[in-house]
Number of protein chains: 2
Amino acid sequence: MSAAPLTIGEAARRTGVSAKMIRWYEATGLLPPAVRSESGYRHYGEADLHTLRFIRRARDLGFSVDGIADLLALWRDRARPSAGVKAIAQEQIADLRRRIAELEGMARTLEHLSDACCGDDRPECPILDDLAAADRAPMPRPSRRGLPGRGPARKSV
Amino acid sequence: MSAAPLTIGEAARRTGVSAKMIRWYEATGLLPPAVRSESGYRHYGEADLHTLRFIRRARDLGFSVDGIADLLALWRDRARPSAGVKAIAQEQIADLRRRIAELEGMARTLEHLSDACCGDDRPECPILDDLAAADRAPMPRPSRRGLPGRGPARKSV
DNA sequence: ATGGGGGTTCCCATCATGGGAAGGTCAAGG
DNA sequence: CCTTGACCTTCCCATGATGGGAACCCCCAT
(Lines give C-alpha, C1' and ligand atoms only; values in the text may rest on other atoms or scores of the structure.)
Protein backbone atom coordinates (compact mmCIF):
# COMPACT_ATOMS: atom_id res chain seq x y z
CA MET A 1 0.00 0.00 0.00
CA SER A 2 1.29 3.40 1.07
CA ALA A 3 1.41 4.92 -2.38
CA ALA A 4 4.11 7.39 -3.27
CA PRO A 5 3.35 10.69 -1.58
CA LEU A 6 2.11 13.39 -3.91
CA THR A 7 3.07 17.02 -4.01
CA ILE A 8 0.46 19.67 -3.54
CA GLY A 9 0.20 20.37 -7.26
CA GLU A 10 -0.42 16.75 -8.02
CA ALA A 11 -3.01 16.51 -5.26
CA ALA A 12 -4.66 19.62 -6.66
CA ARG A 13 -4.83 18.11 -10.14
CA ARG A 14 -6.33 14.91 -8.82
CA THR A 15 -8.96 16.44 -6.60
CA GLY A 16 -9.96 19.62 -8.37
CA VAL A 17 -9.05 21.74 -5.36
CA SER A 18 -6.43 24.32 -6.25
CA ALA A 19 -3.07 24.21 -4.51
CA LYS A 20 -3.76 27.66 -3.21
CA MET A 21 -6.98 26.55 -1.59
CA ILE A 22 -5.39 23.43 -0.13
CA ARG A 23 -2.85 25.63 1.64
CA TRP A 24 -5.58 27.95 2.75
CA TYR A 25 -7.73 25.13 4.12
CA GLU A 26 -4.73 23.97 6.09
CA ALA A 27 -3.94 27.48 7.34
CA THR A 28 -7.49 27.99 8.57
CA GLY A 29 -7.73 24.63 10.25
CA LEU A 30 -10.16 22.86 7.94
CA LEU A 31 -7.37 20.43 7.16
CA PRO A 32 -4.73 19.19 9.58
CA PRO A 33 -1.17 20.27 8.79
CA ALA A 34 0.17 18.19 5.94
CA VAL A 35 3.15 15.92 6.31
CA ARG A 36 6.28 17.68 5.10
CA SER A 37 9.35 16.41 3.32
CA GLU A 38 12.76 17.36 4.66
CA SER A 39 12.82 20.35 2.40
CA GLY A 40 9.41 21.55 3.49
CA TYR A 41 7.26 20.25 0.64
CA ARG A 42 3.78 19.10 1.61
CA HIS A 43 3.03 15.48 0.85
CA TYR A 44 -0.38 13.92 0.38
CA GLY A 45 -1.53 10.33 0.50
CA GLU A 46 -4.70 8.56 -0.54
CA ALA A 47 -6.59 9.50 2.61
CA ASP A 48 -5.79 13.16 2.04
CA LEU A 49 -7.01 12.98 -1.52
CA HIS A 50 -10.20 11.47 -0.25
CA THR A 51 -10.71 14.31 2.17
CA LEU A 52 -9.96 16.88 -0.51
CA ARG A 53 -12.52 15.37 -2.84
CA PHE A 54 -15.02 15.42 0.00
CA ILE A 55 -14.37 19.10 0.48
CA ARG A 56 -14.57 19.80 -3.19
CA ARG A 57 -17.89 18.04 -3.50
CA ALA A 58 -19.32 19.84 -0.49
CA ARG A 59 -18.26 23.21 -1.91
CA ASP A 60 -19.96 22.30 -5.15
CA LEU A 61 -23.12 21.80 -3.15
CA GLY A 62 -22.79 25.29 -1.77
CA PHE A 63 -21.66 24.51 1.76
CA SER A 64 -19.60 27.14 3.51
CA VAL A 65 -16.25 26.14 4.88
CA ASP A 66 -17.75 26.17 8.36
CA GLY A 67 -20.43 23.80 7.21
CA ILE A 68 -17.84 21.56 5.65
CA ALA A 69 -15.93 21.47 8.90
CA ASP A 70 -19.06 20.16 10.60
CA LEU A 71 -19.61 17.58 7.87
CA LEU A 72 -16.02 16.43 8.01
CA ALA A 73 -16.23 15.95 11.75
CA LEU A 74 -19.32 13.80 11.32
CA TRP A 75 -17.74 11.93 8.47
CA ARG A 76 -14.75 11.01 10.59
CA ASP A 77 -16.94 9.93 13.46
CA ARG A 78 -18.07 6.54 12.31
CA ALA A 79 -20.60 6.25 15.10
CA ARG A 80 -22.39 9.51 14.36
CA PRO A 81 -26.13 9.42 14.11
CA SER A 82 -27.20 10.26 10.57
CA ALA A 83 -29.74 12.66 12.03
CA GLY A 84 -27.05 15.27 12.57
CA VAL A 85 -25.91 15.09 8.99
CA LYS A 86 -29.43 15.30 7.70
CA ALA A 87 -30.08 18.36 9.84
CA ILE A 88 -27.07 20.13 8.39
CA ALA A 89 -28.12 19.21 4.88
CA GLN A 90 -31.59 20.52 5.46
CA GLU A 91 -30.33 23.79 6.83
CA GLN A 92 -28.26 24.10 3.72
CA ILE A 93 -31.25 23.35 1.53
CA ALA A 94 -33.28 25.97 3.37
CA ASP A 95 -30.49 28.45 2.87
CA LEU A 96 -30.30 27.71 -0.83
CA ARG A 97 -34.06 28.05 -1.15
CA ARG A 98 -33.96 31.39 0.62
CA ARG A 99 -31.30 32.69 -1.73
CA ILE A 100 -33.15 31.35 -4.74
CA ALA A 101 -36.33 33.08 -3.64
CA GLU A 102 -34.51 36.36 -3.20
CA LEU A 103 -32.93 36.19 -6.65
CA GLU A 104 -36.20 35.04 -8.14
CA GLY A 105 -37.93 38.10 -6.74
CA MET A 106 -35.33 40.36 -8.28
CA ALA A 107 -35.50 38.59 -11.62
CA ARG A 108 -39.27 38.78 -11.78
CA THR A 109 -39.36 42.46 -10.97
CA LEU A 110 -36.74 43.18 -13.58
CA GLU A 111 -38.55 41.10 -16.14
CA HIS A 112 -41.70 43.10 -15.62
CA LEU A 113 -39.82 46.32 -16.02
CA SER A 114 -37.92 45.06 -19.02
CA ASP A 115 -41.10 43.89 -20.70
CA ALA A 116 -42.57 47.34 -20.27
CA CYS A 117 -39.57 49.00 -21.86
CA CYS A 118 -39.71 49.13 -25.63
CA GLY A 119 -35.95 49.36 -25.88
CA ASP A 120 -35.66 51.54 -28.95
CA ASP A 121 -34.17 54.95 -29.71
CA ARG A 122 -36.61 56.88 -27.61
CA PRO A 123 -35.63 57.97 -24.12
CA GLU A 124 -38.82 56.93 -22.33
CA CYS A 125 -37.87 54.06 -20.08
CA PRO A 126 -40.05 52.42 -17.42
CA ILE A 127 -36.98 50.78 -15.96
CA LEU A 128 -35.30 54.03 -15.09
CA ASP A 129 -38.65 55.46 -14.07
CA ASP A 130 -39.04 52.68 -11.57
CA LEU A 131 -35.55 53.05 -10.19
CA ALA A 132 -36.07 56.77 -9.84
CA ALA A 133 -39.52 56.52 -8.26
CA ALA A 134 -39.36 58.63 -5.13
CA ASP A 135 -42.25 57.05 -3.30
CA ARG A 136 -40.42 54.03 -2.00
CA ALA A 137 -40.52 53.27 1.71
CA PRO A 138 -36.96 53.29 3.07
CA MET A 139 -37.37 49.84 4.53
CA PRO A 140 -34.48 48.94 6.85
CA ARG A 141 -32.75 46.80 4.21
CA PRO A 142 -33.85 43.19 4.65
CA SER A 143 -30.52 42.35 6.21
CA ARG A 144 -28.35 40.54 3.73
CA ARG A 145 -27.34 38.06 6.42
CA GLY A 146 -26.85 34.50 5.38
CA LEU A 147 -26.03 34.85 1.72
CA PRO A 148 -22.61 33.35 1.09
CA GLY A 149 -22.73 33.87 -2.61
CA ARG A 150 -19.33 32.53 -3.63
CA GLY A 151 -17.06 33.90 -6.23
CA PRO A 152 -15.87 37.38 -7.05
CA ALA A 153 -18.17 39.62 -8.96
CA ARG A 154 -17.98 40.25 -12.63
CA LYS A 155 -16.01 43.31 -13.61
CA SER A 156 -18.86 45.41 -14.84
CA VAL A 157 -22.45 45.00 -15.85
CA MET B 1 -37.15 75.53 -2.93
CA SER B 2 -33.74 74.58 -1.64
CA ALA B 3 -34.86 72.65 1.41
CA ALA B 4 -32.71 72.67 4.52
CA PRO B 5 -29.62 70.57 3.82
CA LEU B 6 -29.57 67.25 5.60
CA THR B 7 -26.67 65.60 7.35
CA ILE B 8 -25.46 62.24 6.19
CA GLY B 9 -27.28 60.44 8.99
CA GLU B 10 -30.56 62.05 8.08
CA ALA B 11 -30.03 61.25 4.39
CA ALA B 12 -29.26 57.68 5.38
CA ARG B 13 -32.47 57.41 7.35
CA ARG B 14 -34.55 58.80 4.52
CA THR B 15 -33.07 56.68 1.75
CA GLY B 16 -32.24 53.40 3.41
CA VAL B 17 -28.60 53.67 2.38
CA SER B 18 -26.33 53.60 5.42
CA ALA B 19 -24.11 56.60 6.14
CA LYS B 20 -21.15 54.31 5.79
CA MET B 21 -22.17 53.29 2.33
CA ILE B 22 -22.93 56.85 1.27
CA ARG B 23 -19.38 57.81 2.17
CA TRP B 24 -18.07 54.78 0.38
CA TYR B 25 -20.07 55.48 -2.78
CA GLU B 26 -18.61 58.95 -2.76
CA ALA B 27 -15.08 57.70 -2.17
CA THR B 28 -15.28 55.28 -5.05
CA GLY B 29 -16.79 57.75 -7.46
CA LEU B 30 -20.31 56.40 -7.75
CA LEU B 31 -21.49 59.67 -6.21
CA PRO B 32 -19.96 63.10 -6.77
CA PRO B 33 -18.32 64.68 -3.71
CA ALA B 34 -21.00 66.02 -1.42
CA VAL B 35 -21.28 69.67 -0.53
CA ARG B 36 -19.61 70.35 2.82
CA SER B 37 -20.44 72.75 5.60
CA GLU B 38 -17.71 74.97 7.02
CA SER B 39 -16.91 72.38 9.61
CA GLY B 40 -16.64 69.60 7.08
CA TYR B 41 -20.05 67.97 7.46
CA ARG B 42 -21.56 66.58 4.29
CA HIS B 43 -24.88 68.10 3.29
CA TYR B 44 -27.53 66.56 1.07
CA GLY B 45 -30.44 68.08 -0.82
CA GLU B 46 -33.50 66.62 -2.49
CA ALA B 47 -31.64 65.70 -5.67
CA ASP B 48 -29.10 63.77 -3.66
CA LEU B 49 -31.80 61.87 -1.85
CA HIS B 50 -33.30 61.00 -5.18
CA THR B 51 -30.02 59.60 -6.40
CA LEU B 52 -29.51 57.65 -3.21
CA ARG B 53 -32.94 56.07 -3.50
CA PHE B 54 -32.14 55.17 -7.08
CA ILE B 55 -29.00 53.44 -5.93
CA ARG B 56 -30.78 51.67 -3.14
CA ARG B 57 -33.46 50.39 -5.46
CA ALA B 58 -30.93 49.19 -7.99
CA ARG B 59 -28.99 47.33 -5.30
CA ASP B 60 -32.21 45.71 -4.20
CA LEU B 61 -32.56 44.44 -7.75
CA GLY B 62 -29.14 42.87 -7.51
CA PHE B 63 -27.16 45.26 -9.65
CA SER B 64 -23.47 45.58 -8.92
CA VAL B 65 -22.09 49.01 -8.20
CA ASP B 66 -20.57 49.04 -11.67
CA GLY B 67 -23.95 48.30 -13.15
CA ILE B 68 -25.49 51.06 -11.10
CA ALA B 69 -22.90 53.49 -12.36
CA ASP B 70 -23.98 52.67 -15.90
CA LEU B 71 -27.62 53.05 -15.01
CA LEU B 72 -27.02 56.36 -13.27
CA ALA B 73 -25.22 57.70 -16.32
CA LEU B 74 -28.14 56.74 -18.51
CA TRP B 75 -30.58 58.16 -16.01
CA ARG B 76 -28.86 61.52 -16.06
CA ASP B 77 -28.73 61.57 -19.85
CA ARG B 78 -32.24 62.54 -20.70
CA ALA B 79 -31.72 61.83 -24.37
CA ARG B 80 -30.52 58.25 -23.89
CA PRO B 81 -32.13 55.60 -26.03
CA SER B 82 -34.05 53.21 -23.81
CA ALA B 83 -32.43 50.33 -25.68
CA GLY B 84 -29.25 50.72 -23.65
CA VAL B 85 -31.11 50.54 -20.39
CA LYS B 86 -33.06 47.53 -21.50
CA ALA B 87 -29.88 45.77 -22.54
CA ILE B 88 -28.34 46.30 -19.12
CA ALA B 89 -31.50 45.07 -17.44
CA GLN B 90 -31.54 41.96 -19.57
CA GLU B 91 -27.95 41.16 -18.84
CA GLN B 92 -28.80 41.46 -15.18
CA ILE B 93 -31.78 39.17 -15.61
CA ALA B 94 -29.62 36.62 -17.38
CA ASP B 95 -27.09 36.82 -14.59
CA LEU B 96 -29.76 36.30 -11.97
CA ARG B 97 -31.17 33.34 -13.91
CA ARG B 98 -27.73 31.80 -14.14
CA ARG B 99 -27.21 32.10 -10.41
CA ILE B 100 -30.66 30.74 -9.71
CA ALA B 101 -30.01 27.73 -11.92
CA GLU B 102 -26.76 27.04 -10.13
CA LEU B 103 -28.36 27.19 -6.69
CA GLU B 104 -31.30 25.18 -7.91
CA GLY B 105 -28.99 22.43 -9.03
CA MET B 106 -27.34 22.30 -5.65
CA ALA B 107 -30.65 22.32 -3.84
CA ARG B 108 -32.06 19.50 -5.92
CA THR B 109 -29.03 17.31 -5.43
CA LEU B 110 -29.10 17.90 -1.71
CA GLU B 111 -32.79 17.18 -1.56
CA HIS B 112 -32.28 13.83 -3.23
CA LEU B 113 -29.54 12.98 -0.80
CA SER B 114 -31.49 14.21 2.17
CA ASP B 115 -34.54 12.23 1.15
CA ALA B 116 -32.42 9.10 1.00
CA CYS B 117 -31.08 9.67 4.51
CA CYS B 118 -33.31 8.34 7.23
CA GLY B 119 -31.87 10.76 9.77
CA ASP B 120 -32.09 8.63 12.86
CA ASP B 121 -29.61 7.28 15.40
CA ARG B 122 -27.89 4.96 12.99
CA PRO B 123 -24.67 6.01 11.33
CA GLU B 124 -25.52 4.97 7.77
CA CYS B 125 -25.80 8.15 5.79
CA PRO B 126 -26.17 8.46 2.02
CA ILE B 127 -25.31 12.12 2.27
CA LEU B 128 -21.84 11.51 3.64
CA ASP B 129 -21.49 8.53 1.31
CA ASP B 130 -22.07 10.80 -1.63
CA LEU B 131 -19.65 13.44 -0.43
CA ALA B 132 -17.04 10.78 0.16
CA ALA B 133 -17.53 9.00 -3.15
CA ALA B 134 -14.10 8.71 -4.67
CA ASP B 135 -15.18 8.25 -8.26
CA ARG B 136 -15.81 11.86 -9.06
CA ALA B 137 -14.14 13.35 -12.09
CA PRO B 138 -11.94 16.25 -10.98
CA MET B 139 -13.63 18.61 -13.40
CA PRO B 140 -11.78 21.90 -13.64
CA ARG B 141 -14.24 23.68 -11.38
CA PRO B 142 -16.90 25.30 -13.58
CA SER B 143 -15.22 28.66 -13.23
CA ARG B 144 -17.16 30.75 -10.80
CA ARG B 145 -16.96 33.76 -13.12
CA GLY B 146 -19.83 36.14 -13.08
CA LEU B 147 -21.44 35.40 -9.79
CA PRO B 148 -21.48 38.54 -7.69
CA GLY B 149 -23.34 36.97 -4.86
CA ARG B 150 -23.61 39.93 -2.51
CA GLY B 151 -23.37 39.89 1.20
CA PRO B 152 -21.00 38.28 3.61
CA ALA B 153 -21.49 34.65 4.33
CA ARG B 154 -23.36 33.33 7.30
CA LYS B 155 -21.22 32.63 10.31
CA SER B 156 -21.58 28.90 10.31
CA VAL B 157 -23.82 26.29 8.89
C1' DA C 1 25.89 22.44 -13.75
C1' DT C 2 22.18 24.44 -15.48
C1' DG C 3 17.37 25.18 -16.71
C1' DG C 4 12.74 24.75 -16.01
C1' DG C 5 9.00 23.51 -13.50
C1' DG C 6 7.16 23.49 -9.16
C1' DG C 7 7.36 24.02 -4.30
C1' DT C 8 7.43 27.74 -0.14
C1' DT C 9 5.84 32.10 2.19
C1' DC C 10 3.87 36.59 2.15
C1' DC C 11 1.21 40.41 0.47
C1' DC C 12 -2.58 42.27 -2.18
C1' DA C 13 -7.18 42.45 -4.56
C1' DT C 14 -11.85 41.28 -5.00
C1' DC C 15 -17.16 43.08 -3.54
C1' DA C 16 -20.24 45.49 -0.47
C1' DT C 17 -20.72 45.95 4.01
C1' DG C 18 -20.20 46.71 9.00
C1' DG C 19 -17.47 47.59 13.42
C1' DG C 20 -14.88 50.51 16.00
C1' DA C 21 -11.38 54.02 17.57
C1' DA C 22 -9.90 58.77 18.03
C1' DG C 23 -11.17 63.25 17.70
C1' DG C 24 -14.05 67.45 16.09
C1' DT C 25 -19.04 69.78 16.10
C1' DC C 26 -23.38 71.07 17.34
C1' DA C 27 -27.66 71.94 19.96
C1' DA C 28 -30.09 71.74 24.22
C1' DG C 29 -30.24 72.35 29.07
C1' DG C 30 -28.13 73.68 33.63
C1' DC D 1 -20.69 79.81 29.83
C1' DC D 2 -20.07 74.99 30.11
C1' DT D 3 -21.38 70.27 29.97
C1' DT D 4 -23.50 66.43 27.89
C1' DG D 5 -24.67 63.44 24.40
C1' DA D 6 -25.70 62.74 19.74
C1' DC D 7 -23.67 63.18 15.54
C1' DC D 8 -20.01 64.04 12.33
C1' DT D 9 -15.07 63.27 10.47
C1' DT D 10 -11.19 60.05 8.93
C1' DC D 11 -8.74 55.79 9.22
C1' DC D 12 -8.05 50.92 9.92
C1' DC D 13 -9.73 46.22 10.05
C1' DA D 14 -12.70 42.11 9.09
C1' DT D 15 -15.68 39.36 6.35
C1' DG D 16 -15.41 34.57 2.51
C1' DA D 17 -13.36 32.12 -0.87
C1' DT D 18 -10.53 32.77 -4.33
C1' DG D 19 -6.77 34.21 -7.54
C1' DG D 20 -2.40 36.92 -8.80
C1' DG D 21 2.13 37.68 -8.23
C1' DA D 22 6.90 38.39 -6.09
C1' DA D 23 10.93 36.52 -4.09
C1' DC D 24 13.10 32.66 -3.05
C1' DC D 25 14.21 27.53 -2.58
C1' DC D 26 14.26 22.61 -4.39
C1' DC D 27 14.50 18.72 -7.41
C1' DC D 28 15.14 16.21 -11.60
C1' DA D 29 16.68 15.56 -16.28
C1' DT D 30 19.66 16.80 -19.87
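A note on names: the letters A, B, ... follow the listed sequences, proteins ahead of strands, and every chain is numbered from 1.
- Considering only side-chain N and O atoms, B:S18 lies under 4.0 angstrom from the phosphate OP1 or OP2 of C:dG18.
- Each of A:W24 and A:S37 was assigned the nucleotide of DNA chain D with the nearest heavy atom; the assignment lying further toward the 5' end belongs to A:W24.
- Phosphate proximity of D:dC25 to A:Y41: absent, as no side-chain N or O sits under 4.0 Å from OP1 or OP2.
- At D:dA17, none of the side-chain N or O atoms of A:Y25 fall inside 4.0 Å of OP1 or OP2 (strictly under the cut-off).
- Look at CD on B:E38: it is 13 Å from C1' on C:dC26, rounded to the nearest Å.
- Atom NZ in B:K20 sits roughly 10 Å away from atom C1' in C:dA21 (whole-Å rounding).
- In this structure, CG of B:D95 is placed 13 Å from P of C:dC15, rounded to the nearest angstrom.
- Side-chain atoms of A:R56 come within 3.5 Å of backbone N or O of A:G16 as a donor-acceptor pair.
- Of the possible donor and acceptor atoms, one in the side chain of A:S82 sits under 3.5 Å from a partner among the backbone N and O of B:R122.
- Atom CG in A:L31 sits about 14 Å away from atom C1' in D:dA17, given to the nearest Å.
- Comparing atom distances between the A:S39 side chain and each of C:dG18, D:dA17, D:dC27 picks out D:dC27 as nearest.
- B:R36 places its CZ atom 10 Å from the C1' atom of D:dC8, with the value rounded to the nearest Å.
- The backbone N or O of B:A132 sits less than 3.5 Å from a side-chain atom of A:H50, completing a donor-acceptor pair.
- One can place CD of B:E10 at 21 Å from P of C:dT25, the figure rounded to the nearest angstrom.
- In this structure, B:R23 does not reach the D:dC8 phosphate: none of its side-chain N or O atoms is under 4.0 Å from OP1 or OP2.
- Atom CZ of A:R78 is surrounded by 12 or fewer heavy atoms from other residues, nucleotides or ligands within 6.0 Å.
- Look at CD1 on A:I22: it is 14 Å from C1' on C:dT8, rounded to the nearest Å.
- Dashed line: the shortest gap from a side-chain N or O of A:T7 to OP1 or OP2 of C:dG6 is not under 4.0 Å.
- Note: CD (A:E26) to C1' (C:dC10) measures 15 Å, nearest angstrom.
- Phosphate proximity of D:dT9 to B:R42: present, with a side-chain N or O under 4.0 Å from OP1 or OP2.
- Between B:F54 and B:W75, the two ring planes are parallel [angle under 30°; tilted spans 30° to 60°].
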